[in-house]
Amino acid sequence: YKKIDQPIENVLSKYGNTFGILQSTPFNMPSATVLGVEVSVQSKLDFISKKFKNATFFANANYAQSKVAKGFIRSGGTPEIEEHTLSGSPNYSVNSGLTYNKPGFGALTILYNSTGDYVTAVGSGTVYKLANGNSVKAIPDYIVRGTNRLDLQISKKLLKSKAQIILGVNNVLNQADIIYQDLNGNKKFDKPVKLTVNNTGELGYLLRGVDNTVMNIRAQPSYYLTFSYTFH
């Protein structure tokens with residue numbers, strides 16, 4: 001349980017009199033609370049079978065609910081902020097892995113990480129009630145979509161353990177990094193909005209999609225190979 005006094009968060013607001021351009025400004029918020037539970041486990045897998053006596057499983061997981069109270073902030077353009085989840089606080093995260101280390105064989109490590117969606121910048125403005133029953137602010141929050149990451153690594157000691165070779169790959173699943181605005185208020189990422197573009201480059205009417213995608217970067221898997229030798 002955490003009680004946070006005046007946490008600092010970035011607030012989205014309209015930039016001057018320009019249309020469609022937003023600015024992100026840090027402000028001290030009303031008080032926030034975080035309530036959650038965390039669990040860690042580590043165990044050899046020989047209880048399954050003696051074949052797995054060299055394998056070890058480990059994991060750390062947490063589940064939390066955060067809330068920043070509705071209230072006033074020291075901003076002329078956005079004097080009041082709505083109740084919302086604390087920025088940078090996903091409702092769950094899981095870090096887990098499996099290692100297999102057998103003498104003469106080498107070591108294999110598998111790492112898996114999963115994180116829920118979380119707010120990265122707080123929206124502002126009038127709250128509108130939609131036909132589907134959900135509510136959306138005039139400027140919706142910027143939300144980072146949760147990710148699933150898988151990394152693999154194999155290592156082998158050579159020359160009486162004086163040398164070691166390591167081969168690995170990160171981001172095996174090749175999942176995109178996405179920041180979006182939840183325009184239908186269903187608290188999840190739907191299909192991104194796609195607009196028509198005329199000959200002058202101006203955006204037109206809606207073709208398809210639901211949520212506004214602020215950023216969509218597909219980071220490629222990265223591979224590495226290292227060799228080390230210890231002189232002694």
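This chain uses plain numbering: 1 for the first residue, then up along the sequence. Just so you know, these numbers use all the heavy atoms, side chains as well, and skip hydrogens, waters and symmetry mates.
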Intermediate values then yes/no, side chain to side chain contact (heavy atoms under 4.5 Å, CB included), Tyr224 and Leu167: CA-CA 6 Å; Tyr224 59 92; Leu167 174 65; over 6 Å; no
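Sorted by first and then second residue, the pairs that involve residues 82-91 and meet salt bridge (charged side-chain N to carboxylate O under 4.0 Å, His left out), not counting sequence neighbours, are Lys70-Glu82. Here salt bridge (charged side-chain N to carboxylate O under 4.0 Å, His left out) pairs that include residues 41-56, with residues two or more places apart or in two chains, number zero. Applying the salt bridge (charged side-chain N to carboxylate O under 4.0 Å, His left out) definition to pairs two or more places apart or across chains, none involves residues 150-160.
Within the 4.5 Å cutoff, no side-chain heavy atoms of Thr85 are placed close to those of Gln65. Using a 4.5 Å heavy-atom cutoff, the side chains of Leu183 and Val193 are in contact. Put simply, the side chain of Asn174 reaches to within 4.5 Å of the side chain of Arg218, judged on heavy atoms. Looking only at side-chain heavy atoms (C-beta outward), Phe52 and Asn54 stay at 4.5 Å or farther from each other. Taking 4.5 Å as the limit, some side-chain heavy atom of Ile143 sits within range of a side-chain heavy atom of Asp182. A heavy-atom distance below 4.5 Å is not found between the side chains of Val172 and Pro221.
If you look at Tyr100 and Phe105, their ring centroids are closer than 6.0 Å. Taking the six-membered ring for Trp, Tyr229 and Phe227 have ring centres at least 6.0 Å apart.
For the pair Ser93 (side chain) and Asn62 (backbone), a donor-acceptor distance under 3.5 Å is absent. A donor-acceptor pair is defined here as one N or O able to donate and one able to accept, closer than 3.5 Å; no such pair exists between the side chain of Thr109 and the backbone of Thr99. With hydrogens and angles disregarded, a donor-acceptor distance shorter than 3.5 Å links the side chain of Asn171 to the backbone of Ala219. Using modelled atom types, one side-chain atom of Asp117 and one backbone atom of Gly146 make a donor-acceptor pair closer than 3.5 Å. The main-chain N or O of Gln6 is found under 3.5 Å from a side-chain atom of Asn28 such that the two form a donor-acceptor pair. Put simply, the side chain of Glu80 never gets that close to the backbone of Gly71: no donor and acceptor are under 3.5 Å apart.
Under the 3.5 Å distance criterion, with hydrogens and angles disregarded, a donor-acceptor pair is assigned to the side chains of Glu9 and Ser87. Between Asn148 and Tyr112, the side chains place a donor N or O and an acceptor N or O closer than 3.5 Å (distance only, hydrogens not considered). For the residue pair Asn113 / Asn95, a side-chain donor-acceptor distance below 3.5 Å is found, with atom types taken as modelled.
Partners of Asp190 under the salt bridge (Lys or Arg N to Asp or Glu O under 4.0 Å) rule, at least two apart in sequence or in another chain, do not exist in this structure. Not a single salt bridge (Lys or Arg N to Asp or Glu O under 4.0 Å) links Lys102 to another residue, sequence neighbours left out. Scored by the ring pair (Phe, Tyr, Trp, His ring centres under 6.0 Å) test, Tyr223 finds no partners at all (sequence neighbours excluded). Partners of Arg149 under the salt bridge (Lys or Arg N to Asp or Glu O under 4.0 Å) rule, at least two apart in sequence or in another chain, are Asp177. Take Phe58 and apply the ring pair (Phe, Tyr, Trp, His ring centres under 6.0 Å) test, not counting sequence neighbours, and it matches no residue. Every residue meeting the ring pair (Phe, Tyr, Trp, His ring centres under 6.0 Å) condition with Phe189, not counting sequence neighbours, appears here in chain and number order: Tyr180. In this structure, Tyr92 has no ring pair (Phe, Tyr, Trp, His ring centres under 6.0 Å) partners at least two apart in sequence or on a different chain.
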Can you list, pair by pair, the side-chain donor-acceptor contacts under 3.5 Å of residues 128-139, counting residues two or more places apart and other chains?
{"from": "Lys129", "atom 1": "NZ", "to": "Gly133", "atom 2": "O", "distance (Å)": "3.1"}
{"from": "Asn132", "atom 1": "OD1", "to": "Asn134", "atom 2": "N", "distance (Å)": "2.9"}
{"from": "Asn132", "atom 1": "ND2", "to": "Asn184", "atom 2": "O", "distance (Å)": "3.0"}
{"from": "Asn134", "atom 1": "ND2", "to": "Asn184", "atom 2": "O", "distance (Å)": "3.0"}
{"from": "Asn134", "atom 1": "ND2", "to": "Gly185", "atom 2": "O", "distance (Å)": "3.3"}
{"from": "Lys137", "atom 1": "NZ", "to": "Asp141", "atom 2": "OD1", "distance (Å)": "2.7"}

Counting only pairs under 3.5 Å, give me each side-chain donor-acceptor contact of residues 29-41, with atom names and distances, residues two or more places apart or in other chains.
{"from": "Glu38", "atom 1": "OE2", "to": "Asn60", "atom 2": "ND2", "distance (Å)": "2.9"}
{"from": "Ser40", "atom 1": "OG", "to": "Asn60", "atom 2": "ND2", "distance (Å)": "2.7"}

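Closest non-hydrogen pair, Pro140 versus Gln181, comes out as O-NE2, 3.1 Å. When all heavy atoms are compared, the tightest approach of Asn10 to Ser24 is CB-OG, 3.2 Å.
Enclosure of atom OH in Tyr118 is not indicated, since only 12 or fewer non-hydrogen atoms of other residues, nucleotides or ligands lie within 6.0 angstrom.
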